[in-house]
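Along the sequence shown, residues carry numbers from 1. All values reported here derive from a predicted model rather than from experimental measurement. For the numbers below, each heavy atom of this structure counts, side chains included, while hydrogens, waters and symmetry mates do not.
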Amino acid sequence: MNIRNKLTLTFLLFVLTGAVQLVGQKSDAAYNFLNVTSSAKIYGLGGVNVSLVDDDITVTEQNPALLGSEMGGMLALNYMHYLGGSNFAGARFGQAAGEHGAWAAHLRYFGYGSMKETDANGSILGTFSPKDISFGATYSHDITDRLRGGISLSGLYSSYAEYSAFAISTDLGINYYDPERDLSLSVVLANLGGQVKRFNDAYNRLPFDVRLGWSQSFGNFPIRFSITAWNLTRWHLPFTETGDGTSGSEPEIKDAFMSNLFRHLIFGVDLISSPNYYISLGYNYKIRTDMSTYSRNMLSGFSLGAGLKVKNFGIGIAFAQPHTGGTTFMLNLSCNFKDLIH
């Protein structure tokens with residue numbers, strides 16, 4: 001490792017450890033749409049995965065260090081039908097920056113449908129359509145042949161009726177990948193930043209998070225396993241269990257050690273027997289417990305994804321049903337223009 005790479009690695013480690021110490025453990029964060037993935041592959045693996053090394057540019061939104069020069073010329077479009085009347089869409093494009101670097105640009109739109117607008121007395125004034133927009137860029141660089149660092153910078157514009165706000169968000173990430181063992185380890189600081197323009201006098205915080213990830217396959221077994229730890233800025237993640245719904249059952253706050261542990265973990269497996277298709281399955285215990293008060297069904301917490309690649313074109317889909325009244329669906333379309341030209 002030369003001096004330049006050593007300095008780069010030292011700086012990234014300093015930023016990662018320093019930011020953890022400087023940022024308080026806040027629970028009053030807004031901008032939680034930042035935690036909704038735009039990748040069908042990631043959504044099928046439980047919604048968060050910072051260590052998945054893949055040739056799909058959509059996974060780089062989880063960790064800027066997953067972006068590489070091998071994704072040069074790749075364009076991906078995404079659409080998601082989310083809970084309620086929400087619909088999200090976006091695009092991401094990547095390009096190589098020399099032999100050891102890469103950059104990407106992204107744009108995402110979050111629309112939450114039409115809502116009634118009322119005054120302080122409850123009188124209906126009309127309707128409005130709240131929305132959030134995220135746009136920005138990512139840069140990554142190979143520190144060594146197995147270690148890569150990256151940074152993403154995003155502008156966040158929000159418009160709710162006559163109110164609007166603007167914020168800046170940054171993600172920092174490091175990924176270690178050993179191709180001989182198909183072992184990937186990652187550390188990410190997600191959603192660093194703050195508001196530049198507020199809705200009103202109140203200051204809304206971004207949902208800052210520290211995330212760790214492990215992904216690996218073993219030998220010739222065509223299954224890759226992933227475990228992602230998130231919400232690591234605070235240990236206690238209590239939830240309310242409402243019971244069986246009978247008149248005698250009382251809500252109970254759950255805050256036990258094992259409950260907190262598993263609410264910090266997301267488990268995923270994906271079939272990697274061929275580069276032309278994949279099937280993924282994820283389990284997110286936090287989603288399952290969060291939905292315990294909203295008619296949770298047996299599928300709550302689970303997600304399923306699948307994808308197919310034909311020549312230079314790819315398609316990915318993912319499905320989840322957090323509760324009986326809310327089915328979510330995601331679609332990704334991708335194309336590699338570099339291969340088309342050659």
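Rounding to the nearest 0.5 Å gives a distance of 8.5 Å between OG of Ser69 and NE2 of His100. The CD1 atom of Ile223 sits 12.0 Å away from the CZ atom of Phe218 when rounded to the nearest 0.5 Å. The CD1 atom of Ile266 lies 10.0 Å from the CD1 atom of Ile42; values are rounded to the nearest 0.5 Å. Residue Ile227 holds its CD1 atom at 11.5 Å from CG of Leu212, rounded to the nearest 0.5 Å. In this structure, CG in Asn284 is found 7.5 Å from OG in Ser303, a value given to the nearest 0.5 Å. Distance check: Gln195 CD to Tyr31 OH gives 3.5 Å after rounding to the nearest 0.5 Å.
When only modelled atom types and interatomic distance are considered, Ser186 and Ser51 share no side-chain donor-acceptor pair under 3.5 Å. With hydrogens and angles left out, the side-chain atoms of Ser152 and Thr138 include a donor and acceptor closer than 3.5 Å. If you check the side chains of Ser274 and Tyr278, you find no donor sitting under 3.5 Å from an acceptor. Side-chain contact annotation: Arg263 with Thr289, donor-acceptor N/O pair under 3.5 Å present. Looking at Tyr157 and Asp132, their side chains never bring a donor and an acceptor atom within 3.5 Å of each other.
Between the Asn175 side chain and the Leu66 main chain, no donor and acceptor come within less than 3.5 Å of each other. Side-chain atoms of Gln321 never come within 3.5 Å of backbone atoms of Leu299 as a donor-acceptor pair (strictly under, hydrogens ignored). The main-chain N or O of Ser164 is found under 3.5 Å from a side-chain atom of Lys197 such that the two form a donor-acceptor pair. At distances below 3.5 Å, at least one donor-acceptor pair connects side-chain atoms of Asn260 with backbone N or O atoms of Leu237. With hydrogens and angles disregarded, a donor-acceptor distance shorter than 3.5 Å links the side chain of Arg288 to the backbone of Ser300. Between the side chain of Arg148 and the backbone N or O of Leu67, at least one donor-acceptor pair lies under 3.5 Å.
For Glu99, the CD atom counts as loosely surrounded, since its 6.0 Å shell holds 12 or fewer non-hydrogen atoms of other residues, nucleotides or ligands.
Taking the charged nitrogens against the carboxylate oxygens, Lys41 and Asp270 have no contact shorter than 4.0 Å, which rules out a salt bridge. For Arg224 and Asp54, the salt-bridge test passes: some basic side-chain N is under 4.0 Å from an acidic carboxylate O.
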TODO: Could you walk me through whether Phe33 and Phe110 pass the ring pair (Phe, Tyr, Trp, His ring centres under 6.0 Å) test, one step at a time?
DONE: CA-CA 8 Å; Phe33 63 87; Phe110 302 82; 4.7 Å; yes
Task: Steps toward ring pair (Phe, Tyr, Trp, His ring centres under 6.0 Å) verdict (Phe302, Tyr283) - done: CA-CA 5 Å; Phe302 289 95; Tyr283 180 67; 4.7 Å; yes
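With sequence neighbours excluded, the residues forming a salt bridge (charged side-chain N to carboxylate O under 4.0 Å, His left out) with Asp55 are Lys309, listed by chain and number.
Closest approach of Ser169 to Leu34, counting heavy atoms only: OG-CD1, 4.2 Å. Heavy-atom minimum distance, Pro179 versus Tyr177: CD-O, 3.5 Å. Smallest separation of non-hydrogen atoms from Thr233 and Asp209: CG2-CA, 4.2 Å. Here the closest heavy-atom approach between residue Gly194 and residue Leu206 is recorded as CA-CD1, 3.8 Å. Listed here is the closest heavy atom pair of Arg92 and Ile57: CD-O, 3.5 Å. The two residues Val36 and Glu61 come nearest to each other via the heavy atoms O-OE1, 4.5 Å.
By the 4.5 Å heavy-atom criterion applied to side chains, Ile315 and Asn332 are not counted as neighbours. Side-chain contact between Tyr109 and Phe88 is absent, with no heavy atoms from C-beta onward closer than 4.5 Å. Looking at heavy atoms from C-beta onward, Thr328 lies in side-chain contact with Tyr43 at the 4.5 angstrom threshold. Side-chain atoms of Leu232 and Arg211, non-hydrogen and from C-beta on, never get closer than 4.5 Å to each other.
By the rule that hydrophobic residues join a cluster once side-chain heavy atoms approach within less than 4.5 Å of another member, Phe225 and Leu271 end up as members of one cluster. Taken together through direct or relayed side-chain contacts under 4.5 Å among Ile, Leu, Val, Met, Phe, Trp and Tyr, Trp214 and Phe267 form part of one hydrophobic cluster. Linking Ile, Leu, Val, Met, Phe, Trp and Tyr residues whenever their side-chain heavy atoms come within less than 4.5 Å leaves Met80 and Ile133 in two separate clusters.
The aromatic rings of Trp235 and Phe257 sit tilted relative to each other, their planes meeting at an angle between 30° and 60°. Using bins of under 30°, 30° to 60° and over 60° for the plane-to-plane angle, the ring pair Tyr160/Tyr112 lands in the perpendicular bin.
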